[in-house]
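Since the structure is predicted, the reported quantities are computational estimates derived from the model, not experimental observations.
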Amino acid sequence: MKRFVLSILSAVCCVTATQAWAVAPLDVPVVPPSIDAASFVLMDYASGDVLAAGNPDERRNPASLTKLMTGYVIDRALDQHKITMDDVVTVPQEAWVAGNKNLDGSSLMFLKPGDRVTVRDLVRGIIIDSGNDACVAMADYVSGSQDAFVGMMNQYVQKLGLTNSHFETVHGLDAPGQFTTSYDLARLSRAIIGGEPEEYHMYNEKSLTYDKITQQNRNGLLWDKNLNVDGLKTGHTESAGFNIIASATEGNRRLIAVVMGGKSAKGREEQARKLLTWGFRTFTSMQVFKAGQSVASEKVWYGDKPQLNVGSLDDVYLNIPQADSDKVKAQYVLDNKQIEAPLHKGQEVGSINIVDNGKVIKTVPLVALDDLPKGGIFSRAIDYIKLKI
């Protein structure tokens, strides 16, 4: 059995098998804190590992957490150069609370029809003020109507693989058929943080003044002196309860806490604080592999080269209890005993199993790190003879 030493793992070994072991993304014997909410998730940003969860797939009313998807759609329009942050938007009639009774009594930026506001300020109004009127104005500007924009929201639900989410409004006010889960929202938050680092800083802004009206960000954890919270969003309606998504960093680590169906504004903050504090204290994060790092070189038949470097095309991170950090090993499992050319970069040839105390806790694809075309007729004939012998 071959063994290869890696910098942060004890060893990597190869086992030939017909298929990889199927395991959960993270399965470690730790007890999360008691959380007083209907649903919650604590996710590690780098790996996507779920460190703690309660009813993570329960479909619930998102309330203003809907605005994360609204912001995500706007970010995509910015990426595609359909709009820019400096564009000036003329506020439509339907974004005015006096002309749209659905907005009456809800969170507003206090726009008026005919106001000319930059995309940048409207996005800040969505994030900081939780302005439902700003959502309507941006939906109209990006897509021409709220219905068309909602359609785009649900298209991105599909692209992101959010299997328990569906949106009916651009702002999150109660609507039949609108739902999401704490797990889907954690994944969406991870996509926002990683996809738009230049815009993400807006989620950390504590106040916004528009038309001489100053409003404070409703995420009270931004003022917490013991946690470095820099986003993301709160939400509340009578049917949804009190929701919050809070992301915090500690050194190079980042955790995302989603709490849905909390009992009060302060209560949701306390539950998110409890999750984040527990996560940072309980787990340690390690980079198992760097993208493109070779874990071994395997024999290849019928190729123009006799060996193939295998590993992971992506950075691979792992979160484990701090007491187990020196017990982690990895082994790679080949799908077939005999690897044959041609092969293309990124082609899966097996799996890498991360093992803690003999138990597989995570599996990632083992792939070819380079293209390896077929060899010439002569070299292929030699390989054929070798295999027959």
Side-chain angles (χ1 to χ4, degrees), residues 61-75 77-78 83-150 153 167-175 178 192 199-223 231-240 242-245 265-266 268-269:
N61 187 336
S64 281
L65 299 187
T66 297
K67 294 181 175 74
L68 291 185
M69 181 54 80
T70 302
Y72 187 83
V73 174
I74 295 170
D75 286 341
L78 288 164
I83 62 173
T84 75
M85 281 291 192
D86 296 321
D87 286 359
V88 177
V89 178
T90 300
V91 175
Q93 183 78 18
E94 58 266 28
W96 185 34
V97 64
N100 186 345
K101 295 303 181 183
N102 291 331
L103 302 180
D104 192 22
S106 69
S107 302
L108 298 169
M109 190 176 170
F110 298 105
L111 301 170
K112 298 184 296 297
D115 283 357
R116 291 174 58 77
V117 191
T118 64
V119 167
R120 178 177 288 102
D121 282 344
L122 286 172
V123 171
R124 294 175 69 220
I126 292 171
I127 294 170
I128 303 167
D129 294 346
S130 198
N132 296 326
D133 48 358
C135 293
V136 173
M138 280 304 304
D140 185 77
Y141 185 67
V142 171
S143 302
S145 71
Q146 292 179 69
D147 287 344
F149 192 91
V150 169
M153 294 168 70
F167 297 102
E168 292 287 343
T169 71
V170 301
H171 37 58
L173 293 176
D174 290 350
Q178 182 162 264
I192 289 171
E199 280 79 34
Y200 179 65
H201 71 87
M202 294 182 182
Y203 289 89
N204 195 28
E205 294 187 48
K206 295 178 180 178
S207 66
L208 173 65
T209 299
Y210 174 75
D211 198 21
K212 299 180 181 180
I213 300 173
T214 299
Q215 298 188 67
Q216 303 295 315
N217 195 314
R218 292 167 176 78
N219 184 357
L221 291 180
L222 295 176
W223 285 265
L232 292 157
K233 194 76 185 67
T234 63
H236 169 255
T237 65
E238 185 174 348
S239 64
F242 291 86
N243 301 338
I244 188 171
I245 303 176
K266 288 295 183 183
R268 68 187 173 192
E269 291 175 8

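For Tyr210 and Asp115, the side-chain atoms include at least one donor-acceptor pair closer than 3.5 Å. With hydrogens and angles left out, the side-chain atoms of Ser130 and Ser107 include no donor and acceptor closer than 3.5 Å. Counted by atom type alone, Arg116 and Thr90 present one or more donor-acceptor pairs between their side chains at under 3.5 Å. Side-chain N/O atoms of Ser64 and Lys67 include a donor and acceptor closer than 3.5 Å. Side-chain contact, Thr234 with Asn219: no donor N or O sits under 3.5 Å from an acceptor N or O.
Not counting sequence neighbours, the partners of Glu168 by the side-chain contact (heavy atoms from CB on, under 4.5 Å) test are His166, Ala175, Gln178. With sequence neighbours excluded, no residue forms a salt bridge (charged side-chain N to carboxylate O under 4.0 Å, His left out) with Asp140. For Ile127, the side-chain contact (heavy atoms from CB on, under 4.5 Å) partners at least two apart in sequence or on another chain are Val123, Met202, Tyr203. Contacts of Phe110 classified as ring pair (Phe, Tyr, Trp, His ring centres under 6.0 Å), with partners at least two apart in sequence or in another chain: none. Scored by the side-chain contact (heavy atoms from CB on, under 4.5 Å) test, Val73 finds Met69, Phe149, Met152, Met153, Tyr156 as partners (sequence neighbours excluded).
Within the structure, every pair that satisfies the salt bridge (charged side-chain N to carboxylate O under 4.0 Å, His left out) test and touches residues 83-96, not counting sequence neighbours, is listed here: Asp86-Arg120.
Proximity of Thr66 to Phe167: side-chain heavy atoms (C-beta onward) are separated by under 4.5 Å at one or more points. Using a 4.5 Å heavy-atom cutoff, the side chains of His171 and Thr70 are not in contact.
Residue-environment remark: NZ (Lys266) stays at or below the threshold of 12 foreign heavy atoms within 6.0 Å.
Salt bridge status for Lys101 with Asp104: absent, with no side-chain N to carboxylate O gap under 4.0 Å.
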